[in-house]
Amino acid sequence: MTGAANLRQTLRDIDVFAGELPGFDPSIAPDTPFELFTEWLLKALSAGVQEPHAMTLATADASGDPTARVLILKDVSPEGWQFASDANSLKGANSLPAPMRR
């Protein structure tokens with residue numbers, strides 16, 4: 001068996017959602033997405049999740065062609081989420097259809 005075939009089987013043998021997933025009851029969730037997101041982010045930080053502030057943002061142009069970029073969350077407030085990308089990269093140079101702050 002080749003290394004690639006072993007890797008394929010190894011990946012297939014990984015348990016999916018093996019642990020107990022956290023519960024979520026919308027009736028007791030905070031009133032705003034800001035509060036809920038902040039709660040989840042702080043729990044992720046406390047649990048030692050590496051880089052919980054990293055995200056992928058995908059957009060599509062007028063012809064429907066998708067593009068994605070990895071961003072870092074810089075701030076969250078009731079007014080919205082602020083994130084950043086490397087402005088010198090091709091993706092960073094593309095304008096997003098949302099106001100951005102630096």
Find the distance between OG1 (T67) and CG (D61) and round it off to the nearest 0.5 Å.
8.5 Å
Distance (rounded to the nearest 0.5 Å) between H53 NE2 and L45 CG:
9.0 Å
Does the side chain of T38 reach to within under 4.5 Å of the side chain of L41, using non-hydrogen atoms?
no
Just wondering, do V76 and Q82 contact through their side chains at under 4.5 Å, heavy atoms?
no
Under the salt bridge (Lys or Arg N to Asp or Glu O under 4.0 Å) test, residues paired with E39 that sit two or more places apart:
K43
Does any part of the side chain of F24, heavy atoms only, come nearer than 4.5 Å to the side chain of L36, both counted from C-beta?
yes
Pair E35, T32: side-chain N/O donor-acceptor within cut-off below 3.5 Å:
yes
Looking only at heavy atoms, which two atoms of W81 and L73 are closest? And how far apart?
CD1-CD1, 3.6 Å
Rounded at 0.5 Å granularity, tell me how far CG in L71 sits from CZ in R69.
6.5 Å
What are the two closest heavy atoms between P52 and V49, and how far apart are they?
CD-O, 3.2 Å
Can you get from V16 to L11 by hopping between Ile, Leu, Val, Met, Phe, Trp and Tyr side chains that sit under 4.5 Å apart?
no
Heavy-atom side-chain proximity of Q9 to L7 below 4.5 angstrom
no
Side-chain heavy atoms under 4.5 angstrom apart, residues restricted to Ile, Leu, Val, Met, Phe, Trp, Tyr: same cluster for M55 and F37?
yes
So, do I72 and E51 sit near enough that their side-chain heavy atoms are less than 4.5 Å apart?
no
